[in-house]
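Note sheet for the following structure.
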Amino acid sequence: MHRLTGVTMDLKQRPSRLAAAWPWISTLARLGLAAVFLIAGGLKVTDLAASARAVNAYDLMSYDAAKVVGAVQPFLEIALGLLLLIGIATRLSAAISAVVLVIFIAGIVSAWARGLQIDCGCFSKGGELTGGRTAQYGLEILRDVGFLALAGILLWKPRTRFSLDRALLGDS
Amino acid sequence: MSKGDRGRERAAARRIVEQQKAADRRRKVTIWTSIGVVMVLVLAGLVGFGVLSNQDKETDASRVNTPSVAVDDGTAFAVGSGPVTVDIYEDFMCPICHEFENQTGPAIAQLVTDKKVTVRYHPVAILDRASNGTQYSTRSAGAAAAAAVDGKFLEYHGVLFANQPEEGSDGLDNAKLIELGKGVGLGDSFATAVNDKTYDSWATKVTETFASRGYNGTPTIVVNGKTVTGPGGGLPTTEIFTQAVTAAAG
């Protein structure tokens, strides 16, 4: 009898403890993802020509198209970072982040598959790998998958602390 | 039905109405914040596009001073008059380019003397990020263009590599660039061009042409239209390079 009650109490407490932790886990995921995009965009935004070359290095589109993508991408990354930082429409922001990350991963995989020797340009103006340095596609993909996991957490549990969403919608 | 029962029912009905109102409000807030998110992203994209079009104006043909002596769509300086064309894309900040000059430069000079090759030097600026914001790559490429206009490209090209600053340092300042020019016999017109950044936007243009041709790194060495690399895509040895020239000569 004693043991049984003990078990049922444990069962009740564990999920509730986890439920209380989720908003905090999601908050960390949200702020982490915000930092990722702000840093990635901030590093590129100061030299759009270099950003264009980084996109062009993937050899997936014409140089003129790469120029547009290279110029728009850093601004999008910064905007996405800011939206995540203030925590507005978190689930949608997380979904867009996930889509963007999947595109990045696909780009790296395709560069790897075609045997290109390029810097992914994820956290740099990248693109050009001067002789001697080799591409580290595996690590770059692993890192992006990690970021994708952060977006996944937010998609699944979008309720976070210190967010505009919480201020507008309350705790419920 | 007792009084108490009716009260409970009314309270329950009120609760349901309130819950529905709250759900309604949540839905509205979610819709509006979502619209806000999409609008912010669209706006950010437009800003990027606007900044790009503004920058494109800078490298518009009418604004760029293309050196009169430049060849290959005004993007390079030719040395020699041989039948095989060797295109060398270099950034004066790039250590591997320096290494290539040290390693293969004498062989190239010999090929030029023997009238076997025409070398077209394309000074590109892809390492501006590696000079603490002083844009050494662009400034040095612009200075090289000024030297070419005054007939001293190869000489100046040589001293720029001999005095190459460390990657990640401030690079050489304009005064030093001018001093190096004086060392190879360049005068006041060169100094003015360096100080006025006369050919800096041209360097940007050359870099764009380089990228639009699908090249990513420096040095890029192209012999009669074919990129020459060493094993694993790295720097070609002098042997590999001269073999490529011999093959191209037929």
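Throughout, protein chains are lettered first and strands after them, A, B, ... in sequence-line order, and every chain is numbered starting at 1.
Residue-environment remark: CH2 (B:W32) stays at or below the threshold of 12 foreign heavy atoms within 6.0 Å. Taking a 6.0 Å sphere around NZ of B:K197, one finds it holds 12 or fewer heavy atoms contributed by other residues, nucleotides or ligands. The number of heavy atoms from other shown groups lying within 6.0 Å of CD (B:Q243) is above 12.
The part of B:D56 that comes within reach of chain A is its side chain, from C-beta onward, which places non-hydrogen atoms under 4.5 angstrom from that chain. With a 4.5 angstrom heavy-atom cutoff, A:I96 touches chain B only via side-chain atoms. No part of B:E99 comes within reach of chain A, as not one of its non-hydrogen atoms sits under 4.5 angstrom from that chain. For a residue to count as touching a neighbouring chain, one of its non-hydrogen atoms must lie under 4.5 Å from one of that chain's; by this rule B:A125 touches chain A with the backbone only. With a threshold of 4.5 angstrom between heavy atoms, A:L80 approaches chain B through its backbone and through its side chain.
Considering only heavy atoms from C-beta on, A:F75 comes within 4.5 Å of B:V51 through its side chain.
Note: A:N56 CG to B:Y215 OH = 12.5 Å, rounded to the nearest 0.5 Å. Expressed to the nearest 0.5 Å, how far CZ of B:R26 lies from CG of A:D165 amounts to 9.0 Å. Interatomic distance, B:R129 CZ to A:L43 CG, rounded to the nearest 0.5 Å: 10.5 Å.
Shown are B:L41, B:I35, B:T30, B:V38; of these, the side-chain contact (heavy atoms from CB on, under 4.5 Å) with A:L92 is made only by B:V38. The residue from A:T90, A:I88, A:L84 that alone fulfils the side-chain contact (heavy atoms from CB on, under 4.5 Å) condition with B:V37 is A:I88.
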Are B:E208 and A:K67 close enough, and set up right, to give a salt bridge (charged side-chain N to carboxylate O under 4.0 Å, His left out), and what steps lead you there? CA-CA 10 Å; B:E208 278 216 340; A:K67 262 172 81 174; 3.3 Å; yes
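Across A:L164, A:L48, A:D59, the residue that shares the most heavy-atom pairs under 4.5 angstrom with chain B is A:L48. Between chain A and the options B:G230, B:S212, B:G214, B:G45, heavy-atom pairs under 4.5 Å are most frequent for B:S212.
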